[in-house]
2 protein chains.
Amino acid sequence: MRRSNAQLQSDRRAAILDAAQRCFSRDGFHQTSVQQLCLEAGMSAGNLYRYFPSKEAIIAGFVERNRAEAAQDFATVGEAASFFEGLGAIAQRYLIERPEEEVGLCAEIMAESRRNPEIARLYQQLERDVHALIVDMLRRAAERGEIARDVDLDAAATMLMVLADGMSWRRAASPGFDAKAVLPHLMHMVHSLLVHPPDGLHPPDGETRRAETAA
Amino acid sequence: MRRSNAQLQSDRRAAILDAAQRCFSRDGFHQTSVQQLCLEAGMSAGNLYRYFPSKEAIIAGFVERNRAEAAQDFATVGEAASFFEGLGAIAQRYLIERPEEEVGLCAEIMAESRRNPEIARLYQQLERDVHALIVDMLRRAAERGEIARDVDLDAAATMLMVLADGMSWRRAASPGFDAKAVLPHLMHMVHSLLVHPPDGLHPPDGETRRAETAA
DNA sequence: GAAAATAGAATGAACGTTCATTCTCTTGTA
DNA sequence: TACAAGAGAATGAACGTTCATTCTATTTTC
């Protein structure tokens with residue numbers, strides 16, 4: 001008697017997600033029809049529904065896959081020799097080298113999470129995970145003296161995520177954006193955030209120090 | 001013979017855009033049906049089509065309205081006494097006080113511009129306009145000596161937009177995000193970007209200067 | 001009373017999903 | 001080894017619904 005093949009199931013699910021990534025990133029979730037998706041995946045509609053209970057479940061499938069990948073990336077890349085070296089590698093990987101398609105899909109997920117509660121739940125969990133990973137990374141760096149000891153770890157991690165989001169969006173939305181060119185400026189800002197952080201919570205002494213120091 | 005009432009036309013268009021803003025921000029472009037839109041606007045479908053030739057034209061209508069508003073905001077707020085004061089006011093206005101609904105709509109527009117060529121065209125024009133306004137603002141500040149004279153105006157303006165995008169997205173996507181709390185950190189980074197910019201284009205001297213200075 | 005303004009039913013295409021059916025493989029039995 | 005039984009894998013047409021848009025009739029306003 002024939003038995004259910006677990007490997008095949010998993011392969012098919014992955015293949016569907018791959019096809020969906022191409023479709024969704026190109027056309028968006030709600031403008032991609034299930035028929036288009038089937039065409040891209042080389043599979044009939046009926047069969048596709050054997051692997052995912054609904055179109056929405058495919059969307060949710062991404063967020064979970066992305067989470068697994070992000071966690072692994074941080075774990076491996078975070079093992080660099082020095083903190084800023086590791087950070088640079090992550091930046092290179094996530095802000096420069098990540099393919100257009102993934103950036104687009106990420107944009108799509110974020111937009112979707114604003115209105116779909118299930119996606120929102122998954123996406124926010126991913127965010128919390130990434131935030132925790134960054135805080136850990138910063139804590140280790142602070143303990144080793146590579147960044148200031150009085151850095152507000154939580155706020156700093158949030159700022160790094162703000163920067164990453166901003167870079168992603170610029171890449172996704174404006175074709176002329178040269179991520180590589182602005183990266184040094186970004187790293188400069190990050191450096192000042194982590195190595196020379198603002199004292200306490202009051203804003204930096206904007207008016208007193210003037211531009212004479214540079215030039 | 002009765003003549004078409006231009007004022008009424010303009011009012012109706014504005015009312016439709018207002019209703020659409022609520023709908024689109026809540027449900028997204030493609031999950032908002034024309035019927036829902038009519039309900040929200042208190043208007044029949046047939047009548048709505050007298051004011052916009054298609055649903056897509058309504059989406060496009062936003063980007064143009066936003067552009068007009070952004071330009072005006074920059075023009076008026078940019079007239080502050082000092083540069084950092086003006087920048088703070090813009091940040092307060094755009095990153096903290098902007099209503100959730102507008103942030104959501106902006107997210108929607110950005111996502112849509114990735115795949116709809118007409119929206120992309122309009123959105124990228126808006127971006128270029130804003131970029132030019134920021135560069136002007138920075139140039140005036142550099143001339144007055146409020147920021148370093150050797151700042152790469154173009155890259156700095158781009159970085160400010162990256163930061164703004166990042167903040168907007170964090171607001172839109174994660175409900176626990178406290179924009180007000182991270183703003184001082186952001187301003188600190190901006191200060192270092194503009195007042196103590198990186199020398200030339202090589203990355204900051206990450207490893208040499210250590211955290212001993214702070215603590 | 002004529003045209004602008006509005007309403008609401010009508011239209012056909014496209015959607016996500018289901019279902020009866022067929023194909024393909026594994027396995028128990030002779 | 002040969003083969004039929006049986007179940008997983010896959011198909012693609014069909015379903016009811018919803019969509020953006022158009023058409024026709026009615027009301028309002030000058």
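So that the names make sense, note that chain A is the first sequence line, chain B the second, and so on, each numbered from 1.
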If only side-chain N and O atoms of [X] are considered, is one of them under 4.0 Å from the OP1 or OP2 phosphate oxygen of [N]?
| X | N | answer |
| --- | --- | --- |
| A:Q9 | D:dA9 | yes |
| A:R12 | D:dA10 | yes |
| A:Y51 | D:dA9 | no |
| A:Q35 | C:dA14 | no |

(message) Ring of A:F52, cation from A:R13 - is the NZ or CZ under 6.0 Å from the centre and inside 45° of the axis?
(response) yes

Rounded to the nearest angstrom, tell me the gap between atom [atom1] in [X] and atom [atom2] in [N].
| X | N | atom1 | atom2 | result |
| --- | --- | --- | --- | --- |
| A:I16 | D:dA9 | CD1 | P | 12 Å |
| B:L39 | D:dA20 | CG | P | 14 Å |
| B:I59 | D:dA20 | CD1 | C1' | 12 Å |
| A:L48 | D:dG12 | CG | P | 14 Å |
| B:Q36 | D:dC19 | CD | P | 7 Å |
| A:R50 | C:dT18 | CZ | P | 14 Å |

(message) Side chain of A:N47, heavy atoms from C-beta onward: which of D:dT21, C:dA5, D:dA9 has the nearest atom to it?
(response)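 So the nucleotide nearest the side chain must be D:dA9.
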
(message) Measuring from the side chain of B:S44 (C-beta onward, heavy atoms only), which nucleotide among D:dA20, C:dG8, D:dA10 has the closest atom?
(response) C:dG8

(request) For A:M43 and for B:Y49, find the nucleotide of DNA chain D with the closest heavy atom, then tell me which residue's nucleotide is more 5'. (result) A:M43

(request) Please determine if B:R121 and B:E118 form a salt bridge, counting it only when a charged side-chain N lies under 4.0 Å from a carboxylate O. (result) yes

(message) Taking B:D18 first and then B:R65, would you say they form a salt bridge - that is, a charged N and a carboxylate O separated by under 4.0 Å?
(response)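 Looking at B:D18 and B:R65, the cut-off is met.
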
Return all side-chain donor-acceptor pairs below 3.5 angstrom for residues 53-62 of chain B, not counting sequence neighbours, or 'none' if the list is empty.
unit_1	atom_1	unit_2	atom_2	d
B:S54	OG	B:E56	N	3.4
B:S54	OG	B:A57	N	3.2
B:K55	NZ	B:F29	O	3.0
B:K55	NZ	B:T32	O	2.7
B:E56	OE2	B:N116	ND2	2.6

